[in-house]
Amino acid sequence: MYDMAVIWEWIGFAVRWLHVITAMAWIGSSFYFIALDLGLRQAPDLPTGAHGEEWQVHGGGFYHIRKYLVAPAEMPDHLTWFKWESYTTWLSGAALLMVVYWAGAELYLIDAQKADLAVWQGILISAASLTIGWLVYNALCKSELASRPTLLMGLLFVLLVVMGWGYNQIFTGRAMMLHLGAFTATIMTANVFFIIMPNQRVVVADLQAGRTPDPKYGKIAKLRSTHNNYLTLPVIFLMLSNHYPLAFATEYNWIIAALVFLMGVSIRHYFNTMHARKGQPNWTWAITATLFILIMWLSTAPMFAPVEEAEAQPLTAFEQKFAAADGFEDAHEIVMGRCSMCHAREPVWEGVLWAPKGVLLETEADIARNAGAIYVQAGLTHAMPPANVTFMEPEDRRAIVRWYRAAQH
């Protein structure tokens with residue numbers, strides 16, 4: 001456990017595990033309450049102030065649920081607040097952003113061919129963009145546009161497209177997708193923390209004090225909750241995108257991200273309409289399929305610059321550290337012989353059309369830049385090559401370990 005690379009790998013795994021678990025809880029409860037809200041029925045025996053009710057069956061029991069637009073006549077002794085799912089998802093996602101993209105800025109965040117940023121500059125832009133994005137969105141929602149929700153949604157879409165394009169001008173494609181997802185998730189969690197929960201607390205406080213709550217607080221919270229509902233599916237796509245270079249490592253990755261937001265709207269519109277018992281707008285699936293086909297077409301654009309152009313680029317300080325370490329020549333030869341046939345700009349291994357996860361291992365800079373991943377994937381473990389199809393010998397793996405550790409001293 002003295003090896004920091006091993007410790008850091010497990011920290012990243014643990015934080016990612018937590019992030020996925022909490023995201024499942026948040027998304028699950030969000031989808032459930034949207035479906036419940038849209039499916040409420042009127043009944044002649046509803047109490048005063050009740051908007052609708054729903055009977056559900058699950059786990060061998062029956063549930064009778066009633067919704068009050070403002071609040072019941074008397075507050076119950078126990079009231080469950082749904083907030084920590086959202087908060088923990090954002091906090092764990094922020095931690096994951098720091099572990100992967102800030103700590104690994106030279107590899108995953110900064111693209112020197114787009115913008116030659118120092119690590120601190122990349123991190124500052126990363127953090128500031130999330131805050132600035134929320135401030136712009138929140139200002140739009142508090143303007144007169146709140147009374148025109150469709151136009152407001154359109155402007156939110158434009159904001160997301162502009163942010164995606166902007167991220168792509170300075171960050172790697174992978175970081176662009178991840179940051180656009182983080183930007184969107186920040187809006188969603190900030191909606192819960194700054195708008196939805198405070199408004200609910202105002203309503204509860206008024207009721208406890210014997211005052212009639214103002215319905216505007218519920219209306220405002222409902223608008224933000226609706227935005228969260230339509231943004232959820234694109235955020236999941238952006239979370240998963242780092243595993244698929246066809247999504248993040250193409251020339252038009254920011255356009256792909258924009259189309260994914262439209263797909264999220266079309267899919268949620270179908271289910272929202274169905275849950276509201278207003279029919280099944282099957283035409284939305286035609287739109288979704290068309291958008292997905294367009295995404296697949298855009299993904300075939302050239303992903304990487306020619307290898308000759310990559311070789312002509314000077315090594316960064318980070319890359320020079322590993323290229324100058326003892327054992328680099330041996331490691332370089334091993335990687336070129338065992339890994340580069342798949343991890344190439346034009347792979348030659350049969351059936352492999354694009355470098356797995358967009359990882360390139362053709363040039364000295366490629367290998368030096370990916371030193372940490374090579375060390376963990378092919379040195380400490382046998383994860384790469386898959387099933388050891390290129391017959392990497394134990395001595396080869398030991399040579400990779402020696403090279404990486406030499407660079408760390």
Side-chain angles (χ1 to χ4, degrees), residues 5 8 12 96-130 163-183 238 241-242 244-257 301-325 328 331-332 335-336 339-340 343-346 354-377 403-404 407-408:
W8 203 248
L96 193 60
L97 174 69
M98 297 174 189
V99 169
V100 176
Y101 289 88
W102 291 6
E106 295 95 341
L107 177 59
Y108 296 120
L109 180 64
I110 298 170
D111 188 337
Q113 296 183 28
K114 294 179 180 178
D116 191 11
L117 301 173
V119 170
W120 70 267
Q121 292 174 317
I123 293 174
L124 181 61
I125 293 172
S126 169
S129 65
L130 303 183
M163 289 302 299
W165 176 85
Y167 281 134
N168 196 50
Q169 303 310 301
I170 54 177
F171 290 156
T172 65
R174 174 172 169 169
M176 181 279 291
M177 288 283 194
L178 187 282
H179 276 75
L180 189 57
F183 174 85
L238 295 169
S241 66
N242 69 92
Y244 297 92
L246 281 175
F248 70 77
T250 70
E251 182 179 353
Y252 302 111
N253 49 18
W254 65 277
I255 300 178
I256 289 175
M303 291 192 289
F304 307 113
V307 65
E308 294 79 12
E309 184 177 328
E311 289 176 332
Q313 294 291 329
L315 272 64
T316 65
F318 177 82
E319 293 163 353
Q320 290 173 2
K321 170 185 174 182
F322 288 95
F328 176 72
H332 179 273
V335 172
M336 291 297 293
C339 310
S340 64
H343 291 280
R345 288 154 182 82
E346 295 182 7
W354 299 275
K357 290 194 174 183
V359 176
L360 302 174
L361 300 174
E362 285 186 290
T363 69
E364 290 189 355
D366 291 339
I367 295 170
R369 183 166 56 254
N370 288 281
I374 295 170
Y375 172 62
V376 173
Q377 300 282 336
W403 159 59
Y404 181 85
Q408 299 296 80

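Quick note: residue numbers are just sequence positions, from 1. Bear in mind that the values here come from a model prediction, so they are computed numbers and not experimental data.
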Looking at every non-hydrogen atom in both residues, tell me the closest pair between [X] and [Y] and how far apart they are.
X: Met177; Y: Ala257; answer: SD-CB, 4.0 Å
X: Leu117; Y: Ile110; answer: O-CD1, 3.7 Å
X: Gly372; Y: Tyr404; answer: CA-CE1, 3.6 Å
X: Leu246; Y: Ile256; answer: O-CD1, 3.9 Å
X: Ala368; Y: Ala323; answer: CB-N, 4.1 Å
X: Ser126; Y: Leu97; answer: OG-CD2, 3.9 Å

Q | Pair Glu106 + Arg369, salt bridge at N-O below 4.0 Å | A |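 Answer for the salt bridge query: no.
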
With side chains defined as the heavy atoms from C-beta onward, is the minimum distance between [X] and [Y] less than 4.5 Å?
X: Leu238; Y: Leu178; answer: no
X: Val307; Y: Glu311; answer: yes
X: Asn370; Y: Leu107; answer: yes
X: Lys321; Y: Gln408; answer: yes

Q.
Parallel, tilted or perpendicular: which one describes the rings of Phe328 and Trp403, with boundaries at 30° and 60°?
A.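 It falls in the tilted class, 30° to 60°.
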
(Q) Just checking Tyr252: does its OH atom have more than 12 heavy atoms from other residues, nucleotides or ligands closer to it than 6.0 angstrom? (A) no

Q: Assess whether atom CH2 of Trp165 is packed by more than 12 heavy atoms of other residues, nucleotides or ligands within 6.0 Å.
A: no

Q: Compute whether any side-chain donor of one residue and acceptor of the other, for His179 and Ser129, lie under 3.5 angstrom apart.
A: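 Looking only at side-chain atoms, Ser129 and His179 do not form any donor-acceptor pair under 3.5 Å.
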
Q.
Side chains of Asn253 and Thr250: any donor to acceptor distance under 3.5 Å?
A. no

Judged by atom type as modelled, is there a donor-acceptor pair below 3.5 Å linking the side chain of [X] to the main-chain atoms of [Y]?
X: Gln169; Y: Gly166; answer: no
X: Glu319; Y: Thr316; answer: yes
X: Trp102; Y: Leu96; answer: no
X: His343; Y: Val359; answer: yes

**Q.** Pairs meeting criterion side-chain hydrogen bond (donor to acceptor under 3.5 Å, both in side chains) with involvement of residues 107-120, two or more places apart
**A.**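 The answer is Lys114-Asn168.
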
Q: Evaluate the side chain to side chain contact (heavy atoms under 4.5 Å, CB included) criterion for residues Leu109 and Val119: first the C-alpha distance (whole Å), next the side-chain angles of each, then the deciding distance (0.1 Å), finally the verdict.
A: CA-CA 9 Å; Leu109 180 64; Val119 170; over 6 Å; no

Q.
Using the rule given for side chain to side chain contact (heavy atoms under 4.5 Å, CB included), can you reason through Asp366 versus Arg345, listing the C-alpha separation, both sets of side-chain angles and the distance that settles it, and then say yes or no?
A. CA-CA 11 Å; Asp366 291 339; Arg345 288 154 182 82; 3.0 Å; yes

Q: Answer with yes or no after comparing the ring centroid distance for Phe171 and Tyr101 against a 6.0 Å cut-off, counting only values under it.
A: no

